**Student:** 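Provided herewith is a single structure, encoded as structure tokens, for subsequent inquiry.
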Amino acid sequence: MNLDLKYEYRTGIGTDIHKLVLDRELKLGGVEVPYPKGLLGHSDGDVVLHAVIDAVLGAMCAGDIGTLFPDTDAKYKGIDSKALVLLVRDLMEEMRWEVVNVDVIIHAEEPKLGAYKGQIKRCVASLLSADFNNVNIKAKTNEGLGPVGEGLAIESTVSVLLRRRLKRTLADS
């Protein structure tokens with residue numbers, strides 16, 4: 001039996017933004033970042049992991065975070081977003097997808113995130129069963145513009161590339 005093995009590749013993009021409020025922990029990419037404000041949300045408000053989830057779901061053509069984990073469902077109230085990523089990773093593995101790379105941008109005027117990028121990278125890679133070297137984390141300010149620049153919100157944008165092995169016979173080529 002002659003099989004020609006090929007990969008199918010798909011990209012996905014995810015974005016999320018949440019308002020900064022007092023009396024909440026700030027979690028970004030599964031890492032607690034010391035800051036007097038945290039992100040308002042039905043779950044823990046982790047904009048990085050929410051954008052990762054949407055990017056992965058988009059690449060798999062499997063909907064979006066709001067469809068899978070609606071904010072109208074009480075079981076997701078206050079949930080750690082790491083648990084949601086693990087559920088998406090299970091779906092990804094069930095559909096035979098694997099991460100090629102993940103590129104994360106965190107848009108925040110404050111706090112400064114340079115000291116946390118390595119921890120966030122390690123957490124995202126671990127949650128997605130991805131190679132540490134295939135995850136990239138960038139932190140950008142908005143130069144004082146818009147709600148992020150005014151320190152009212154934090155936003156994240158994520159791009160992901162997934163692949164899965166396809167089996168085709170030579171007759172299919």
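In this text, all values refer to a predicted model and were calculated from it rather than measured experimentally.
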**Student:** For E98, which residues count as a salt bridge (charged side-chain N to carboxylate O under 4.0 Å, His left out) partner, sequence neighbours excluded?
**Tutor:**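 For E98, the residues satisfying salt bridge (charged side-chain N to carboxylate O under 4.0 Å, His left out) (neighbours in sequence not counted) are R163.
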**Student:** Taking it one step at a time, do V88 and F69 satisfy side-chain contact (heavy atoms from CB on, under 4.5 Å)?
**Tutor:** CA-CA 10 Å; V88 170; F69 311 112; 3.9 Å; yes
**Student:** Could I get the full list of side-chain contact (heavy atoms from CB on, under 4.5 Å) partners for E25, not counting sequence neighbours?
**Tutor:**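 E25: side-chain contact (heavy atoms from CB on, under 4.5 Å) contacts with K27, E32.
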**Student:** Say you draw a straight line from NE2 of H107 to OG1 of T141; how long is it, rounded to the nearest 0.5 Å?
**Tutor:**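 It is 10.5 Å, given to the nearest 0.5 Å.
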**Student:** Could you tell me the separation between the CD atom of E8 and the CZ atom of R96, rounded to the nearest 0.5 Å?
**Tutor:**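 Separation between the atoms: 8.5 Å.
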**Student:** Within the 4.5 Å heavy-atom criterion, are Y9 and V100 side-chain neighbours or not?
**Tutor:**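 Side-chain contact under 4.5 Å: yes.
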**Student:** Does any non-hydrogen side-chain atom of V160 lie less than 4.5 Å from one of V52?
**Tutor:**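 Side chain of V52 against side chain of V160, heavy atoms only: no contact under 4.5 Å found.
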**Student:** Could you tell me whether the side chain of D16 and the main chain of A51 form a donor-acceptor pair under 3.5 Å?
**Tutor:**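 No, the answer is negative, given that no donor and acceptor are paired below the 3.5 Å cut-off.
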**Student:** Examine L84 and M95 and state if one hydrophobic cluster contains both, with Ile, Leu, Val, Met, Phe, Trp and Tyr joined whenever side-chain heavy atoms are less than 4.5 Å apart.
**Tutor:**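 Linked, L84 and M95 end up in one cluster.
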**Student:** Calculate, to the nearest 0.5 Å, the distance between atoms CG and CG belonging to L128 and L162 respectively.
**Tutor:**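 Answer for the CG-CG pair, L128 versus L162, is 8.5 Å.
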**Student:** For the CG atom on D90, are there more than 12 heavy atoms of other groups (residues, nucleotides or ligands in this structure) within a distance under 6.0 Å?
**Tutor:**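 Above 12, so yes.
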**Student:** When L68 is tested against each of L87, I53, L57, D54 for side chain to side chain contact (heavy atoms under 4.5 Å, CB included), which residue passes?
**Tutor:**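 The residue from L87, I53, L57, D54 that satisfies side chain to side chain contact (heavy atoms under 4.5 Å, CB included) with L68 turns out to be L57.
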**Student:** Quick one: closest heavy-atom pair of G118 and F132, and the distance?
**Tutor:**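 Nearest pair, atom of G118 first, then F132: O-CE1, 4.2 Å.
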**Student:** Examine V48 and L86 and state if one hydrophobic cluster contains both, with Ile, Leu, Val, Met, Phe, Trp and Tyr joined whenever side-chain heavy atoms are less than 4.5 Å apart.
**Tutor:**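 Yes.
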**Student:** Quick one: OG on S81 to CG on D44, what's the gap to the nearest 0.5 Å?
**Tutor:**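 So the gap between those two atoms works out to 3.5 Å.
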**Student:** Answer yes or no: are there more than 12 heavy-atom neighbours, outside K140 itself, under 6.0 Å from its atom NZ?
**Tutor:**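 Not more than 12 within 6.0 Å, no.
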**Student:** Taking T15's backbone N and O only, do any of them form a donor-acceptor pair with E155's side chain (distance below 3.5 Å, no angle check)?
**Tutor:**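 Answer holds: no.
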**Student:** First locate atom CG of L113, then atom CD of Q119, and finally report the distance between them rounded to the nearest 0.5 Å.
**Tutor:**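 Result: 11.0 Å between the selected atoms.
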**Student:** Mind checking whether I65 and L91 sit in one hydrophobic cluster, side chains of I, L, V, M, F, W, Y counted as touching below 4.5 Å?
**Tutor:**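 Yes: a chain of side-chain contacts under 4.5 Å links I65 to L91.
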**Student:** Could you tell me whether the side chain of K6 and the main chain of L166 form a donor-acceptor pair under 3.5 Å?
**Tutor:**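 It does not hold such a pair.
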**Student:** Go through S129 and E93 one step at a time and tell me if the side-chain contact (heavy atoms from CB on, under 4.5 Å) criterion holds.
**Tutor:** CA-CA 10 Å; S129 299; E93 290 172 354; 3.8 Å; yes
**Student:** Which pair of non-hydrogen atoms, one from R10 and one from R164, has the smallest distance, and what is that distance?
**Tutor:**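 Heavy atoms only, the tightest pair is NH2-NH2, 3.8 Å.
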**Student:** Tell me, with the steps shown, if I137 and Y116 meet side-chain contact (heavy atoms from CB on, under 4.5 Å).
**Tutor:** CA-CA 10 Å; I137 308 294; Y116 301 96; over 6 Å; no
**Student:** When you measure from the side chain of S156 to the backbone of I105, do you find a donor-acceptor pair of N or O atoms at a distance under 3.5 Å?
**Tutor:**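 Side chain of S156 to backbone of I105: a pair is present.
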**Student:** Checking K82 now: which residues fulfil side-chain contact (heavy atoms from CB on, under 4.5 Å) with it, not counting sequence neighbours?
**Tutor:**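 For K82 the side-chain contact (heavy atoms from CB on, under 4.5 Å) partners, ignoring immediate neighbours, are L49, D80, C123, L127.
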**Student:** Knowing that exactly one of H18, K77, H50 qualifies, which makes a side-chain hydrogen bond (donor to acceptor under 3.5 Å, both in side chains) with S43?
**Tutor:**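 That would be H50.
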**Student:** Start with the C-alpha gap between I154 and V148, add the side-chain angles, then the distance that decides, and say whether side-chain contact (heavy atoms from CB on, under 4.5 Å) holds.
**Tutor:** CA-CA 6 Å; I154 294 179; V148 171; 5.9 Å; no
**Student:** Just so I know, are the side chains of V56 and W97 near enough to count as touching, which here means a heavy-atom distance under 4.5 Å?
**Tutor:**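 With C-beta onward as the side chain, the pair stays apart.
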**Student:** Report the distance from atom CG of L39 to atom CD1 of I17, rounding to the nearest 0.5 Å.
**Tutor:**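 If we round to the nearest 0.5 Å, L39:CG and I17:CD1 are 9.5 Å apart.
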